Amino acid sequence: MKAVVEGVEVDTRHWIGGRRVASATTFTDVSPIDEQPIAEIASGDTAEAEAAVDAARAAFPDWAALPRKERADVLRRVADGIDARAEDLAKVETRDNGALLRSHRRGVMPRSANNFRYFADLLEKLDHPLEDIRGHRQRVTYDPAGVVAVITPWNAPLMLATWRIGPALAAGNTVVLKPPEWAPLTASLLADITAEAGLPDGVFNVVQGTGARAGAALSADPGIDRLAFTGSVPTAGLIATAAAPQIVPLSFELGGKSALVVFEDCDLDLAVRLAVEQFDNAGQVCLGAFRILVHESIAEEFQERVVERAFRLVQGDPRDENTDVSALISRPHFERVDGFVQRAKAAGARAVLGGGPNDELGGLFYRPTILVGAEDGSEILTEEVFGPVLTIQTFRTEDEAVRQANSTRFGLAATLVTGDPERAERVSGRLNAGTVWVNCFFVRDLGAPFGGNGQSGIGREGGVWSFDFYCDVKNTVFAPDGWAAAGGDKEG
Ligand code: NAD
């Protein structure tokens, strides 16, 4: 079962134990660019999830026992494989999820490769010297946990999958990935790349399918030891419930409703640029700062300039280098986004830009939209829209800005723009967010902790925080006389 997408051949079956496996049923993968079907994908269920977990379980002991250097070398070859096929991956991903080809080429694919390279390098540096404690000696070791289930969303499928798979494999685990049904194709290409890189059979597996079937089956499988999920809050609730009886540790990266706080002492050009950047990926970005809070003394000029700049954004086919804003992922998502906007308008908000579908382009193209005058606590200010929809509110004092910024149940990120370093310190300390950006946006380092507060998630990954999650961290204490016989001060 194969599809040819943008000239690239993609095997659309599962990848289990180093073999392509078909299912009795399939589902249709539709491109958001023109709502045309582009592939038939194997639709997995309990049997495929079980088979994949079994394959991962069987491959685990040998992979976990491999000396670190060898494990790291295989993962570096996977990174090289992603680099070598970056153009194919970028084209297929763009057709599949509708995000800009230029972003895939410049940012997403290099980062996907780095998700392997960085954690391979870190694995080799991870060192646990013996420590003296009251005459005894202790050593902390990072034992691989076992089989890791990874469930991912469609807005950056390969990047978000590799962000979990890279550290999970580096730590010595084996993995079963359930990619998003709205954009499943690059996961299949990743399976080819891992095989070519020499990753042993069963170490990485892909079960294609819908969330309700393949995803639910994988979450409830008694053979998994960790579950890393990126997606929405309602799905997280279902997954947590399914995994709870097995007491499986969870790492959740969920939605957001982040604020961009613009103070009167800021560089206004920068603030305007950061505001307009929020339309990237048609607003389908978890970290997006869609709630703009601006000091009332500069609000009029700021709003005018943001609207003027956003009006000039080019909407269209994401394969065109000139396009800035593409289509939304699917018809149901399009209706959902429009529902939020129409209800906000009915409740008194006013669109100073956009406010509805792009009728000239038709399809799933939604106009970049800016709403003002929404009431405090209203749906548009508290729920994640996940579309090209910004709101602008004003504040009078720093306290008011902080209160408004923190007034959701999410806590993924926050951005503030100010020319006052003391204010930057003060306000960043008070914002409820896993990541705070001061006078910048979306700057991320793989060594930094990443995750959200409140309903934006559970846990942190990045750097050693990833190993904390993907490993069973063990402390061994040696009695004064016993330690020398127990040997070495490092892991293999
Ligand atoms: P979603 O929750 O609908 O789906 C995510 C994944 O879960 C998909 O693979 C889906 O098939 C699967 N799934 C659905 N139902 C399931 C079930 N019952 N059991 C197991 N798996 C199931 O989310 P989405 O619409 O694909 O993605 C958008 C969401 O992801 C937004 O809320 C966004 O903020 C969030 N997101 C968060 C981050 C982050 O790092 N915090 C990054 C990207 C996206």
Side-chain angles (χ1 to χ4, degrees), residues 27 29 32 41 43-46 49 96-99 108 111 115 149-164 176-184 186-187 206-221 224 227-244 248 250-258 280-290 328-330 332-334 336-337 340 383-387 408-413 433-435 442 444 448-462 466:
F27 67 93
D29 181 22
I41 314 286
S43 184
D45 210 324
T46 311
D96 210 9
N97 83 342
V108 175
R111 161 74 197 275
N115 285 336
V150 177
I151 301 179
T152 47
W154 45 262
N155 61 324
L158 189 69
M159 197 266 274
L160 293 169
T162 51
W163 157 244
R164 310 302 204 126
V176 179
L177 169 69
K178 207 300 279 173
E181 59 268 51
W182 297 106
T186 47
V206 179
V207 177
Q208 296 284 7
T210 62
R213 294 175 65 205
L218 184 60
S219 315
D221 195 293
I224 61 173
L227 198 157
F229 170 70
T230 310
S232 65
V233 174
T235 306
L238 296 173
I239 289 177
T241 305
V248 174
L250 305 167
S251 171
F252 278 176
E253 292 180 2
L254 311 178
K257 190 72 183 174
S258 303
D280 276 5
N281 205 6
Q284 300 167 120
V285 179
C286 58
L287 290 163
F290 301 109
L328 297 179
I329 185 72
S330 66
H333 188 58
F334 183 91
R336 189 170 177 276
V337 168
F340 278 117
E383 296 296 318
E384 184 183 47
V385 174
F386 222 55
T408 74
R409 62 188 201 283
F410 298 104
L412 192 55
T435 301
F442 224 88
R444 281 197 55 199
F450 178 78
N453 302 343
Q455 291 199 5
S456 288
I458 298 177
R460 294 291 183 273
E461 290 196 37
S466 295

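Indexing begins at 1, ligand by ligand and atom by atom, following the structure's order. Source: prediction; values computed, not measured.
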Can you pull out the closest protein heavy atom to [atom]? Residue, atom name and distance to 0.1 Å, please.
atom	answer
atom 10 (C) of ligand 1	Glu181 OE1, 3.5 Å
atom 23 (O) of ligand 1	Ser232 N, 3.5 Å
atom 25 (O) of ligand 1	Trp154 NE1, 3.0 Å
atom 6 (C) of ligand 1	Thr152 O, 3.4 Å
atom 37 (C) of ligand 1	Leu254 O, 3.1 Å
atom 44 (C) of ligand 1	Asn155 OD1, 3.4 Å
atom 27 (O) of ligand 1	Pro153 CB, 3.2 Å
atom 18 (N) of ligand 1	Leu238 CD1, 3.6 Å

Give yes if a backbone or side-chain nitrogen or oxygen of [X] is under 3.5 Å from a nitrogen or oxygen of ligand 1, and no if not.
X	answer
Lys178	yes
Leu412	no
Cys286	no

Which option wins on minimum heavy-atom distance to [atom]: [options]?
atom	options	answer
atom 3 (O) of ligand 1	Val285, Thr235, Val150, Asn281	Thr235
atom 30 (O) of ligand 1	Gly231, Gly434, Gly215	Gly231
atom 34 (O) of ligand 1	Gln455, Glu384, Gln208, Arg336	Glu384
atom 22 (C) of ligand 1	Gly451, Ala214, Gly211	Gly211
atom 33 (C) of ligand 1	Trp182, Phe386, Phe410	Phe386

Is it true that the side chains of Arg164 and Ser251 contain a donor and an acceptor less than 3.5 Å apart?
yes
Report yes or no: does a heavy atom of Ala216 sit under 4.0 Å from some atom of ligand 1?
yes
Take every heavy atom of Ser219, measure it against each atom of ligand 1, and state whether any distance is under 4.0 Å.
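Flag set, Ser219 near ligand 1.
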Rounded to the nearest 0.5 Å, what separation is found between the CD atom of Gln455 and the CZ atom of Phe410?
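Spacing of CD (Gln455) from CZ (Phe410) equals 6.0 Å.
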Rounded to the nearest 0.5 Å, what separation is found between the CD1 atom of Ile151 and the NZ atom of Lys178?
7.0 Å
Could you work out, with salt bridge (Lys or Arg N to Asp or Glu O under 4.0 Å) as the rule, every residue matching Asp221, not counting sequence neighbours?
none
Classify the contact between Ala236 and ligand 1 as side chain, backbone, both or neither, using a heavy-atom distance cut-off of under 4.0 Å.
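The answer is neither; Ala236 stays 4.0 Å or more away.
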How far apart are the closest heavy atoms of [X] and [Y], and which atoms are they?
X	Y	result
Gln284	Asn155	O-ND2, 3.1 Å
Asp96	Asp29	OD1-OD2, 2.6 Å
Pro32	Ile329	CB-O, 3.4 Å
Glu181	Gly209	CB-O, 3.8 Å

Check each of Thr230, Val233, Leu412 against Leu254 using the side chain to side chain contact (heavy atoms under 4.5 Å, CB included) test, and report the only one that passes.
Val233
By side chain to side chain donor-acceptor pair (under 3.5 Å), Ser466 pairs with (sequence neighbours left out) none
